[in-house]
Enquirer: 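There's a structure below that I have some questions on.
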Amino acid sequence: MNSVNIMIVGVGGQGSLLASKLLGSLLLEEGYDVKVSEVHGMSQRGGSVVTYVRAGQRVYSPVIEPGEADFVLAFEKLEGARFAPYLKTGGTLIVNTQEIDPMPVITGAADYPSQALDALPGVNVEAFDALTLAEQAGSAKAVNIVLLSRFAKHFSLPYESWTRAIEKIVAPKFLDLNLRAFSAGFTQA
Amino acid sequence: MKKLLIGNAAVAAGLYAGGISVVSSYPGTPSTEITEALARYPDLHAEWAPNEKVALEVAFGASLAGKRAACAMKHVGLNVAADPLFTLSYTGVSGGLVICVADDPAMHSSQNEQDSRHYAVAAKLPMLEPADSAECHDFAKAAFELSETYDTPVLLRLSTRVSHSQSIVEVGERAVPAAKPYEKNIEKYVMMPANAKRRHPVVEERTRRLAAYAEDCPFNRVENPGQKIGVITHGAPYQYVKEVFGDTVSVLKIGMPHPLPDKLIRDFAAGVETLYVIEELDPVIETHCRNLGLHPIGKEKFSGIGEFSQATIRAAFGLPDPAHLPVNATLPARPPMMCAGCPHRGMYYTLAKNKVTVLGDIGCYTLGAVPPLSAVDSTLCMGASVSGIHGFLKASSPEAAKKTVAVIGDSTFMHSGMTGLVNVAYNDSNATVIILDNSITGMTGHQQNPTTGYNIKGDPAAKVDLEAFCRAVGIRRVRVVDPYDLAACDAVLKEELAAEEPSVVISRRPCVLLKSVKTKPALVVDAEKCRACKRCMGLGCPAVSMKTGKAKIDPTLCVGCGVCSQLCAFGAITEGGEQA
């Protein structure tokens, strides 16, 4: 791998922090220069949130612009559609099909765009129900690990590198749950 | 040891390595994590002060006592601390004093986009500006040395992208210099006119010496000299320039934006064919270049508004962006909003229902301004709700007092709302001030404050008695109400608006995101009872929707606060258990 640009997108409060922390730790361990960027504060209150993870021999910019991402990991369908233009041609959108209504949909000013993933030419879309897989592993909160495990399948690192990173980052009492969730996402086609 | 750290944590590690003994700050995005990270070390004093002015004065006191000290704040916090800042430039320091200030280009979580570099120029203070976490660490550490060598406070300027981006840091070992013994020095530290007149020339001379130092200091550097294009840049924009051009242009990276190195800039300009200044926000470096008689390309191509990125640089140079799918502008936006179960919602609903004019303030509760509640009429700065309502009523007919309130959070009230309340009582306006007391500093991520009863380390601390405080300043009508109880909110609001004297309503319930708050099971809608009147939708709760023609409550978001069920005239919203 020369370099990789990954975006993690979702709704404030969904727990993208753990995913970026884990990715950052793993890539650092593998010897890459790494930058991870996120925004704190008001946007986190139920708004659209974005984290950028970049790794390579030398990384300058901490942000990713449209057409630069190799992967977009989306915790929510609409957010996946919103950030799909950040993918390179041939890039991959890994998206949880869960729908969380934004305020314009709640108030009736707009409809939820349930078909938004249908017309994304030139990028690979892997849409799946990560929430159910996480719940089967023991908790809806493990959605982040399930998404990461799907991403791991595309990435040329051994399974053990991932589980080591999980052991390093996750609190001991949640370790079993997260390892189960990772295995569930990794093994399920 | 190599670590992946956000800029703010790296600043903390650098200050720690540099031997900091005291840090005092007020939280403010994007600066908050500096002080939070320092508070985790056992061998220094860390605290949340009530505001940035207090924080800087605490740091001054620690410096006067001979120890290294710091404070951290957001850009607008430095406005609050500007009073001590300008005169600290005259007194200088004993122990090293570092003032970290984090700007927020693009206003991710701020009310304006001011450029703190102007403060360095105006207060005649040296300023350092790192561009990644490694520099955050190194510059923070070096700032103490610079402070003591030149007898001056040092500003450390950050921005959202530098503060909140993680990159690799080599963390240094802590070395605490011996404390300087306290020595009385009236001429240096008592800034009355006779002494201040003697200190001002010292400040001017110090700036001259610092300008000479800037010419070959470790903070400014030239990369790849001899290229046709030369770029003078700083901070986060340096990374974007390197991302686009790599080593194909000459770069003068400014890590010390004040004072700027005249000769270094002139020599750099002389060595290139075309000179650019690429800086975020205001043309500080560019203006300096023009004063030197240079003619760089700057703000004519690079906006003074918002944040840059590699795409900004590409666009300005006419370079193509990589191919990508078109951005779909028809997708519904997802703006931030108050959380499900937020205690502010019940009070805002009551205010909106009573069509009250609301002078608002800074915090999570600013989100009361967004639809469907749209309940806030103004937001200016910390504390402006309470001072503002006083002026508003003085300039309005007496009837205005019957339909106008100020709303302010508990932490913001401590920061600078309480002085406004003293003014309301002293200068006699019939204001109704609502303190939205959620028992925490919410927006910045749950920091303790003087009303919570805990300090920065979570240890029990003195707790401001808000009711007693309000009475003590001369407010006789002080009411406490639970914002989850809509009938009580409505009754208290009507009574206090009608009262012929000023009053304070404390709307009290802890933030629902606090771990100590026990939430209830999600409520459910009885679809047969629901008449789809949409009354519950008026709350703007993210857990309540009406997709299927009937109200629906998202069980993953609902915390059972019960506010929507109080609104339902048909008894359709109930506790889940009763439905089973």
Side-chain angles (χ1 to χ4, degrees), chain A residues 11-13 20-21 24-25 27-28 33-48 52 58-69 78-79 81-82 84-89 91 100-113 116 120-123 131 140, chain B residues 2-4 6 29-30 32-33 104 108-110 132 160-161 164-168 236 238-243 309-311 321-328 330-339 364 366-367 370-372 443-445 513 534 537 540-542 544-547 554 556-557:
Chain A
V11 179
S20 64
K21 215 172 156 183
S25 164
L27 293 162
L28 179 70
D33 188 19
V34 183
K35 281 193 177 163
V36 179
S37 187
E38 59 212 14
V39 170
H40 306 200
M42 186 173 266
S43 57
Q44 286 187 308
R45 297 282 174 260
S48 186
Y52 309 103
R58 178 78 166 94
V59 178
Y60 287 106
S61 172
V63 301
I64 296 169
E65 284 284 1
E68 295 181 346
L78 166 58
E79 297 312 311
R82 193 189 311 283
Y86 281 73
L87 285 165
K88 293 173 179 171
T89 305
I100 299 175
D101 291 344
M103 196 42 80
V105 173
I106 290 173
T107 59
D111 291 326
Y112 190 96
L120 298 174
V123 301
L131 185 62
Chain B
K2 269 190 180 178
K3 283 185 175 177
L4 195 58
I6 61 167
T29 311
T32 311
E33 299 83 1
D104 190 15
H108 296 283
S109 198
S110 300
D132 61 17
T160 296
R161 279 303 158 198
H164 286 166
S165 293
Q166 301 174 43
S167 56
I168 297 170
Y238 163 81
Q239 307 292 357
Y240 309 136
V241 169
K242 295 295 283 189
E243 181 76 27
S309 73
Q310 53 270 37
D321 277 328
H324 61 84
L325 289 164
V327 173
N328 184 350
T330 66
L331 294 176
R334 193 186 298 274
M337 57 188 159
M338 289 187 284
C339 307
C364 281
T366 310
L367 293 169
V370 304
M443 177 61 78
T444 45
L513 298 183
K534 297 192 173 176
M537 299 292 293
C541 177
V544 185
S545 64
M546 195 155 286
K547 262 182 154 177
D554 183 336
T556 65
L557 291 174

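Naming convention: chains lettered A, B, ... in sequence-line order (proteins, then strands); numbering from 1 in each chain. Keep in mind it's a predicted model, so treat the numbers as computed, not measured.
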Enquirer: With a 4.5 Å cut-off on heavy-atom pairs, point out which of B:P335, B:P30, B:A236 contacts chain A the most.
Expert: B:P335
Enquirer: If we define contacts as heavy-atom pairs under 4.5 Å, which of A:V105, A:V123, A:L28, A:V34 has the most with chain B?
Expert: A:V34
Enquirer: State, to 0.1 Å, how close B:P372 and A:M103 come at their nearest heavy-atom pair, and which atoms those are.
Expert: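 Taking every non-hydrogen atom into account, CD-SD, 4.2 Å.
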Enquirer: With only heavy atoms counted, which part of A:D33 is less than 4.5 Å from chain B, the side chain, the backbone, both or neither?
Expert: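 Contact with chain B involves both backbone and side-chain atoms of A:D33.
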Enquirer: In the structure I gave you, are the side-chain heavy atoms of A:P66 and B:P322 within less than 4.5 Å of one another anywhere?
Expert: no
Enquirer: Identify which of B:T556, B:L331, B:L513 forms the greatest number of heavy-atom pairs closer than 4.5 Å to chain A.
Expert: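 Most pairs with chain A among the choices: B:L331.
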Enquirer: Tell me, for B:V544 versus chain A, whether the close heavy atoms (under 4.5 Å) come from the side chain, the backbone, both or neither.
Expert: backbone
Enquirer: If we define contacts as heavy-atom pairs under 4.5 Å, which of B:S545, B:G540, B:G445 has the most with chain A?
Expert: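 Max contact count across the listed options: B:G540.
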Enquirer: Can you tell which part of A:A81 gets under 4.5 Å to a heavy atom of chain B, answering side chain, backbone, both or neither?
Expert: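 The answer is both parts of A:A81.
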Enquirer: Test B:R161 against A:S37 for side-chain contact (heavy atoms from CB on, under 4.5 Å), laying out the working first.
Expert: CA-CA 7 Å; B:R161 279 303 158 198; A:S37 187; 2.9 Å; yes
Enquirer: Please identify, among B:K3, B:M537, B:Q310, the residue contributing the most non-hydrogen atom pairs under 4.5 Å to chain A.
Expert: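 Most pairs with chain A among the choices: B:Q310.
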Enquirer: Does the pair B:Q239 and A:K35 meet the rule for a side-chain contact (heavy atoms from CB on, under 4.5 Å), with working shown?
Expert: CA-CA 11 Å; B:Q239 307 292 357; A:K35 281 193 177 163; 3.3 Å; yes
Enquirer: Answer whether the closest heavy-atom distance between the side chains of B:Y238 and A:S61 falls below 4.5 Å.
Expert: no
Enquirer: Identify which of B:P326, B:C541, B:A333 forms the greatest number of heavy-atom pairs closer than 4.5 Å to chain A.
Expert: B:A333
Enquirer: Do A:P62 and B:S167 have side chains that get closer than 4.5 Å, going by heavy atoms?
Expert: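 Not touching, per the 4.5 Å side-chain cut-off.
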Enquirer: Can you name the side-chain contact (heavy atoms from CB on, under 4.5 Å) partners of B:A311, sequence neighbours left out?
Expert: A:E65, B:S309, B:R314, B:D321
Enquirer: State which residues pass ring-ring contact (aromatic ring centres under 6.0 Å, His included) with A:Y52; sequence neighbours excluded, sorted by chain then number.
Expert: none
Enquirer: Heavy-atom distance under 4.5 Å between the side chains of A:K21 and B:Q166, does that happen here?
Expert: no
Enquirer: Looking only at heavy atoms and a cut-off of under 4.5 Å, which of A:V59, A:D101, A:L120 has the most pairs with chain B?
Expert: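 That would be A:D101.
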Enquirer: Do B:N328 and A:R82 have side-chain heavy atoms sitting under 4.5 Å apart?
Expert: no
Enquirer: Examine whether an atom of B:D554 lies under 4.5 Å from a heavy atom of chain A, and if so say whether it belongs to the side chain, the backbone or both; otherwise answer neither.
Expert: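 When you check distances to chain A, no heavy atom of B:D554 falls under 4.5 Å.
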Enquirer: Find out whether A:I100 and B:R334 are in side-chain contact, i.e. whether some heavy atom of one side chain is under 4.5 Å from a heavy atom of the other.
Expert: yes
Enquirer: Heavy-atom distance under 4.5 Å to chain A: side chain of B:P542, backbone, both or neither?
Expert: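 For B:P542, backbone and side chain are both near chain A.
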Enquirer: Does the side chain of B:D132 reach to within under 4.5 Å of the side chain of A:Y60, using non-hydrogen atoms?
Expert: no
Enquirer: Please tell me if the side chains of B:K242 and A:R58 come closer than 4.5 Å, counting only heavy atoms from C-beta onward.
Expert: no
Enquirer: Quick one: closest heavy-atom pair of A:P85 and B:L325, and the distance?
Expert: CB-O, 3.2 Å
